[in-house]
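Numbered from 1 within each chain, the chains take letters A, B, ... in sequence-line order. Only heavy atoms go into these numbers, but all of them, side chains included; no hydrogens, no water, no symmetry mates. These numbers come from a predicted model, not from an experiment.
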2 protein chains.
Amino acid sequence: MTTRRERARAATIDEIKETALSLMREHGSTDIRFSDIARSMGMTAPALYRYFADRDELLTALIVDAFDDLGTTVAESRARASADDLSGSFLAVASAYRRWVNQEPQRFALIFGMPVPGYVAPDEGPTTEAARRAMAQLESLFAEAAARGMLGRPTIHEVDDALLGCIIAKQAASEPAEATVPAETFQACLHCWSALHGFVSLETYGHFGFLTPEARDALFVSTVRLAALSSGFPWSDPAPTLSMVTNT
Amino acid sequence: MTTRRERARAATIDEIKETALSLMREHGSTDIRFSDIARSMGMTAPALYRYFADRDELLTALIVDAFDDLGTTVAESRARASADDLSGSFLAVASAYRRWVNQEPQRFALIFGMPVPGYVAPDEGPTTEAARRAMAQLESLFAEAAARGMLGRPTIHEVDDALLGCIIAKQAASEPAEATVPAETFQACLHCWSALHGFVSLETYGHFGFLTPEARDALFVSTVRLAALSSGFPWSDPAPTLSMVTNT
DNA sequence: GCGAATAGTAATGACGCATAACACTTGTGA
DNA sequence: TCACAAGTGTTATGCGTCATTACTATTCGC
């Protein structure tokens, strides 16, 4: 049961966070000032302290939100793809990741880049969480392919013993309910993530500036395809049309 | 002919830059304050203005230095590898890139991450330059393999027309003296860079925290190997020993 | 109408960039 | 040897911004 007051308060909190994000986008950095936020909202800075104890608390909230948003965005995009179409689902997940980062470069920097100047993370949790959630959809996609017996051998050489130990430890630590994949596939999955993350990072920070948007799209599809193929993920050429990358 | 004064001045400039980098490493961000630098050097802040007109000029110098350092580090590491051993050279280049980033995460953020809060880049040059130099060694390695006729077909599907146009334009713009590679190989080369950059980014920002250092090394070698193989680059298994990754 | 939630005003304290005025050092030429 | 000038550094200062607190006024639900 939420009272009217509580709803108003929640709305204000949302507005503060939304305004902070707008200012980040405008200013092009992850740096924010209470005074700016307040001015932009037609308020005064001290009023914000009714909602956030200090600047760090607001930043923490923004980071947590970014995690959630990226995670749900990717998951939703995957859910929209036909469950039968594994290639399509794979591309949907990768595209959603890319699209989110392109649309929200500041939030991307917030969770995957260097920490903000004055900010110190509350604990080790959130950072690890970022990695976990980002990987989750990819991993579960592989698990589903494995469940259908459609997983091929990845083209990696062999799984190193040290790596194997970590993979086993990680899979043991994850929810027992989650289906697991062979260690070599998990490693290939990490390769996929690296490739995806690398492409997206370079693109977002403008290092693919010598490519036209269309060329970048083509390179992206090629990157995803190559990642899937080398991971033993069931991929069906011809590749889906570009509209799958830009739409949805 | 450098006078004694000029040498002293140059030394001071170096010390300022070095101190700024130390503070960055200490503080864990790319944010720096003149007052901190001066205090750390046993000087007062205004004295720094004898050497740098303002904070942005210092930042620009640091960025340019970072470009140079990364470029020469990678080039030197490649030069130390046997020129005959293409696999070794490839791994040397990738390892140097990785090592530099791991040792200098702040400088990496400086050139490949989001801009520093108050800083505005002097012009479009440096950013583009970062991409160019980082790619240069990889590209020339492929060119050399091509010159020896050892370049296989990359496992990419086909080169998209839009991408092809950009690649041709870029190769035409580069030094005519530089040997070029087929468009499909250039594209594969971009894939290599993405994979390398992605791995290094994730590792440096702690998102591979669930892996032990040894496991990360193994994953890195596997990443490089996979990138080379899928690019048609002549790679010889068994992979070089791990010492090649950590040493040099 | 009462009281809690909320917002504004004003004030405080700290900090950072940048500049100006002044003082010391050092190399060099008369 | 001495004086000058360039170079270097310090103290003092102005200016602006920002986070945060204390206090006061207002609004709004119950």
Side-chain angles (χ1 to χ4, degrees), chain A residues 1-24 26-63 115-122, chain B residues 1-24 26-63 115-122:
Chain A
M1 174 63 187
T2 64
T3 72
R4 179 179 179 77
R5 271 236 160 94
E6 283 168 341
R7 267 176 287 141
R9 181 178 180 82
T12 305
I13 288 178
D14 281 350
E15 189 186 345
I16 292 172
K17 294 194 287 195
E18 203 45 59
T19 306
L21 291 177
S22 294
L23 288 174
M24 278 187 178
E26 217 173 283
H27 192 247
S29 86
T30 53
D31 206 17
I32 42 168
R33 273 163 283 277
F34 263 34
S35 35
D36 287 355
I37 298 171
R39 189 177 324 121
S40 177
M41 290 177 66
M43 285 176 61
T44 56
L48 297 183
Y49 286 83
R50 292 272 165 203
Y51 302 93
F52 295 97
D54 54 19
R55 185 170 152 280
D56 279 15
E57 196 171 297
L58 172 57
L59 266 176
T60 301
L62 291 176
I63 291 175
V116 179
Y119 178 75
V120 284
Chain B
M1 173 67 185
T2 64
T3 71
R4 182 179 176 77
R5 274 237 161 94
E6 283 168 343
R7 268 177 287 140
R9 183 177 178 81
T12 306
I13 288 178
D14 281 350
E15 190 187 345
I16 292 172
K17 294 195 288 194
E18 203 44 59
T19 306
L21 291 177
S22 294
L23 288 174
M24 278 186 179
E26 220 173 280
H27 192 248
S29 85
T30 54
D31 207 16
I32 42 170
R33 271 161 285 277
F34 263 33
S35 35
D36 287 355
I37 298 172
R39 189 176 327 118
S40 177
M41 289 176 66
M43 285 176 61
T44 55
L48 297 183
Y49 286 85
R50 298 272 181 211
Y51 302 93
F52 295 96
D54 55 19
R55 183 169 154 279
D56 280 14
E57 196 173 295
L58 172 58
L59 266 176
T60 301
L62 291 176
I63 291 174
V116 178
Y119 177 75
V120 282

Name the atoms and distances for all side-chain donor-acceptor pairs under 3.5 Å in residues 11-21 of chain B, with sequence neighbours left out.
from, atom 1, to, atom 2, distance (Å)
B:Thr12, OG1, B:Ala8, O, 3.0
B:Lys17, NZ, B:Asp65, OD2, 2.9
B:Thr19, OG1, B:Glu15, O, 2.6

**OP:** Under the side chain to side chain contact (heavy atoms under 4.5 Å, CB included) rule, collect the residues that match up with B:Asp36, sequence neighbours excluded.
**Re:**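 Applying side chain to side chain contact (heavy atoms under 4.5 Å, CB included) to B:Asp36 gives B:Leu23, B:Arg33, B:Arg39.
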Original post:
Under 4.5 Å between any side-chain heavy atoms of B:Asp31 and A:Asp31, yes or no?
Top reply: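 B:Asp31 vs A:Asp31: side chains apart.
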**OP:** Indicate yes or no: at least one non-hydrogen side-chain atom of A:Leu59 is less than 4.5 angstrom from one of A:Ile32.
**Re:**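 Touching, per the 4.5 Å side-chain cut-off.
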Subject >> Minimum heavy-atom distance between B:Met24 and B:Leu62, given as atom pair plus value >> reply: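 For B:Met24 versus B:Leu62, the nearest heavy atoms are CE-CD1, 4.0 Å.
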Taking only distance into account, with no hydrogens and no angle test, what donor-acceptor pairs under 3.5 Å do side-chain atoms of residues 40-54 of chain B form with protein atoms, sequence neighbours excluded?
from, atom 1, to, atom 2, distance (Å)
B:Asp54, OD1, B:Asp56, N, 3.4
B:Asp54, OD1, B:Glu57, N, 3.0

Tabulate atom names and distances for all N/O pairs under 3.5 angstrom spanning the protein and nucleotides 14-16 of chain C.
from, atom 1, to, atom 2, distance (Å)
C:dG16, OP1, B:Arg33, NE, 3.2

**OP:** Using chain B heavy atoms and a threshold of under 4.0 Å, write down where along DNA chain D the contacts begin and end, 5' to 3'.
**Re:**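 For DNA chain D, the relevant span reads D:dA6 to D:dA12.
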Original post:
If the sugar-phosphate is the primed atoms plus P, OP1 and OP2 and the base is the rest, what is the B/S/- string for nucleotides 3-11 of chain C, using protein heavy atoms under 4.0 Å?
Top reply: -BSBBBBB-
